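Notes for the one structure printed next.
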Amino acid sequence: MKILGIETSCDETAICILEGDPSENDLGVRLLGETINSQTKIHEQYGGVFPMMAKREHAKNILPLLEQTLKQASLYVAAHEKVDSLDKEIGKKLEEIFQKETGLLEETLNFISSIKKPDLDAIAVTEGPGLEPALWVGLLVAQALGLAWNIPVLPTNHMEGHIVASLLIPDQKLTLTLAVPNFPALALLISGGHTELVLVKDWHHYEIIGSTKDDAIGEAFDKVARLLGLPYPGGPEISKLAAEWRAEYSQPLFTLPRPMLKSPDFDFSFSGIKTAVLYAVRHFEKENNRPLNQKEKQALAGEFENAVTEVLISKTRRAIAEKGAQSLILGGGVTANTYIREAFKKLSAEMSTPLYLPETKLSTDNAVMIALAGYLRIKNNQNTVGPSLRAKGNLSL
Ligand code: KG4
Ligand code: ZN
């Protein structure tokens with residue numbers, strides 16, 4: 001079967017087409033096409049993702065990306081004349097679904113009528129968690145395509161996507177195999193919106209055992225970067241400075257707290273450490289009567305990365321032991337961080353617990369993880385086709 005994946009939960013518009021045979025035992029899939037448009041340059045000026053701007057950009061890019069992806073998969077066949085594939089009933093239903101989004105509806109209908117129905121079997125689309133205005137764009141287009149092409153639309157959880165993306169092992173070019181972790185597995189999800197420790201009892205069976213009480217870890221990276229005058233997204237920038245500090249001298253110039261390191265639960269808190277960075281900068285400027293130079297910024301970034309990594313490692317180590325986890329899965333955009341990846345490789349060796357890390361390319365938001373999560377639900381008969389879909393900003397696993 002061929003499945004179309006659509007992801008628009010934050011600032012990446014991503015589309016892909018995966019092919020696999022759900023009746024087969026193996027968990028191999030082929031990637032037939034994949035496109036992604038990142039809006040980071042646009043949001044940079046606001047220092048974070050501006051939801052209405054994200055929505056506008058998704059709406060602008062989603063259909064051109066869809067066209068490109070279908071072409072990559074050799075599924076794009078232009079119609080010689082406009083295909084009128086929608087009966088009145090469906091047209092009316094779409095008007096109800098799209099409501100005020102008449103521009104997007106018109107463009108989507110134009111797109112649908114300009115091509116022959118592609119050989120696709122299902123659509124997996126992110127329903128949450130994420131920014132609701134952004135999520136809606138993917139959900140609306142997915143529903144229109146599903147109705148016009150008469151194929152099911154599977155609402156998909158973005159965080160489940162991050163978990164399964166970490167299990168993908170690239171075999172050959174464009175062929176991917178999914179590893180089967182030993183259950184129960186422990187998943188640590190670290191992204192711009194989440195910091196969660198999840199016990200994965202089996203495919204699709206989750207228990208959240210800890211989460212952040214305030215900021216997500218990626219958000220803390222982004223905010224600290226802003227304090228140091230670095231562009232959005234801040235994670236890669238902080239990580240670069242921290243690596244320079246470690247490589248060049250690694251003398252600590254600053255000391256930051258390790259929030260909730262000793263708390264008996266599995267929860268996190270990252271807003272205090274961001275404030276501690278702010279105070280450290282202010283204190284330094286007052287004492288020295290000048291802003292931080294490059295070397296001092298490197299040292300502060302390094303100390304920040306050390307502090308948050310120590311907390312993540314310590315909580316995860318205890319969760320593995322207490323919950324008897326048989327494997328460890330790391331997912332979400334912050335897993336692109338080299339220092340954090342290396343620290344978890346050491347923890348995995350220390351605890352003899354197999355570790356699943358996403359390929360760097362699949363660390364941050366993408367559509368492969370969404371198509372894959374939808375595909376797995378079909379394979380495991382956990383299909384959740386909804387009659388009408390809704391953006392669920394705070395959807396939990
Ligand atoms: O999963 P993701 O792409 O989007 C969300 O679902 O939130 O994660 C984005 C987050 C941003 O906060 C970004 O700063 C962070 O991942 N990030 C990193 C790195 N690369 C991306 N954080 C630390 N180090 C990195 N190298
Ligand atoms: Zn994400």
Side-chain angles (χ1 to χ4, degrees), residues 5-14 36-40 43-44 46-49 51 54 58 126-132 134-135 138 156-166 187-196 198 211-212 215-228 230-244 246 270-271 273-274 301-302 304-309 311-312 329-344 357-370 372-373 392-397:
I6 301 180
E7 154 66 33
T8 64
S9 70
C10 190
D11 58 349
E12 253 94 42
T13 320
I36 184 158
N37 178 276
S38 173
Q39 306 169 4
T40 44
H43 298 293
E44 202 176 322
Y46 306 101
V49 182
H58 287 308
T126 311
E127 63 167 343
L131 306 169
E132 290 193 357
L135 287 162
T156 303
N157 186 306
H158 182 86
M159 301 317 283
E160 180 165 80
H162 275 305
I163 292 179
V164 297
S166 304
L188 174 67
L189 301 178
I190 43 178
S191 72
H194 286 78
T195 312
E196 273 177 359
V198 183
S211 54
T212 180
D215 293 354
I217 181 167
E219 199 179 344
F221 267 96
D222 296 335
K223 287 178 175 169
V224 167
R226 194 152 24 140
L227 285 172
L228 297 183
L230 303 166
Y232 171 85
E237 301 287 330
I238 293 284
S239 157
K240 208 170 112 217
L241 283 185
E244 286 161 4
R246 281 189 201 99
F270 293 106
S271 109
I273 190 163
K274 165 204 70 190
F304 171 76
E305 207 174 62
N306 281 351
V308 294
T309 307
V311 176
L312 292 177
I329 303 169
L330 241 59
V334 179
T335 63
N337 184 288
T338 313
Y339 183 72
I340 293 177
R341 288 175 89 91
E342 291 308 315
F344 275 92
L357 276 168
E359 256 191 280
T360 330
K361 188 173 97 94
L362 292 176
S363 286
T364 45
D365 294 349
N366 62 84
V368 176
M369 67 189 214
I370 301 305
L372 192 66
K392 296 175 183 160
N394 296 317
L395 182 68
S396 150
L397 268 172

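Whatever order the structure lists ligands and atoms in, that order sets their numbers, starting from 1. All residue numbers in this chain count up from 1 along the given sequence. Only a predicted model underlies this, so the values are computations on that prediction, with no experimental measurement involved.
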- Message: Check contact between G193 and ligand 1, using heavy atoms of the residue and a distance below 4.0 angstrom.
- Response: yes
- Are L189 and L397 close enough that some pair of their side-chain heavy atoms sits under 4.5 Å apart? yes
- Query: Does H194 come within less than 4.0 Å of ligand 1, judged by its heavy atoms?
  - Reply: no
- Look up atom CD in E127 and atom OG in S9, then write down how far apart they are to the nearest 0.5 Å. 11.5 Å
- Task: For H162, counting its heavy atoms only, list the atoms of ligand 1 lying under 4.0 Å from any of them.
- Result: 1 (O), 6 (O)
- Task: If you have a sec, work out which protein heavy atom is nearest atom 24 (N) of ligand 1 and how many Å separate them, to one decimal?
- Result: N337 ND2, 3.1 Å
- Item | Residue G218 vicinity, atoms of ligand 1 by number, heavy atom under 4.0 Å | 12 (O)
- Exercise: identify the closest heavy-atom pair between D222 and P233: OD1-C, 3.7 Å
- S363 pairs by side-chain contact (heavy atoms from CB on, under 4.5 Å) with which of L357, T335, L330, N337? T335
- Message: Checking K223 now: which residues fulfil salt bridge (Lys or Arg N to Asp or Glu O under 4.0 Å) with it, not counting sequence neighbours?
- Response: D215, E219
- According to the side-chain hydrogen bond (donor to acceptor under 3.5 Å, both in side chains) rule, which pairs have a member within residues 231-243, sequence neighbours left out? D11-Y232
- Note on the structure: Under 4.0 Å from one or more heavy atoms of A336, ligand 1 contributes atoms 20 (N), 26 (N)
- Task: Mind checking salt bridge (Lys or Arg N to Asp or Glu O under 4.0 Å) for R246 and listing every partner two or more places apart, or none if nothing turns up?
- Result: E305
- Message: Measuring from atom 17 (N) of ligand 1, which candidate in S38, G333, G192 has the nearest non-hydrogen atom?
- Response: G333
- Message: Looking only at side-chain N and O atoms, does E196 offer a donor or acceptor that is under 3.5 Å from a partner on S211?
- Response: no
- Check each atom of ligand 1 against the heavy atoms of V334 and keep those under 4.0 Å away; list them by number with element. 15 (C), 16 (O), 18 (C), 22 (N), 23 (C)
- Query: Considering only heavy atoms of T364, which atoms of ligand 1 have at least one such atom less than 4.0 Å away?
  - Reply: 3 (O)
- Query: Taking the Zn ion (ligand 2) as the centre, how many protein N/O/S atoms fall inside a distance shorter than 2.8 Å?
  - Reply: 3
- Query: Where is the nearest protein heavy atom to atom 22 (N) of ligand 1: which residue, which atom, and how far?
  - Reply: G235 CA, 3.3 Å
- Protein residue, atom and distance nearest to atom 11 (C) of ligand 1, heavy-atom basis: D222 OD2, 3.6 Å
- Message: Please check whether S363 reaches ligand 1 - meaning an N/O of the residue sits under 3.5 Å from an N/O of the ligand, judged on distance alone.
- Response: no
- Task: Classify the side-chain pair D365/H162 by whether it contains a donor and acceptor separated by less than 3.5 Å.
- Result: yes
- What do the steps show when you test L228 against I238 for side-chain contact (heavy atoms from CB on, under 4.5 Å), and what is the final call? CA-CA 9 Å; L228 297 183; I238 293 284; 4.1 Å; yes
- Message: In this structure, is the centre-to-centre distance between the rings of F221 and F304 below 6.0 Å?
- Response: yes
- Item | Nearest-neighbour protein heavy atom for atom 4 (O) of ligand 1, which is reported as residue plus atom name and distance | D365 OD2, 3.1 Å
- Message: Within the structure provided, determine whether V334 and T195 are in side-chain contact (heavy-atom separation under 4.5 Å).
- Response: no
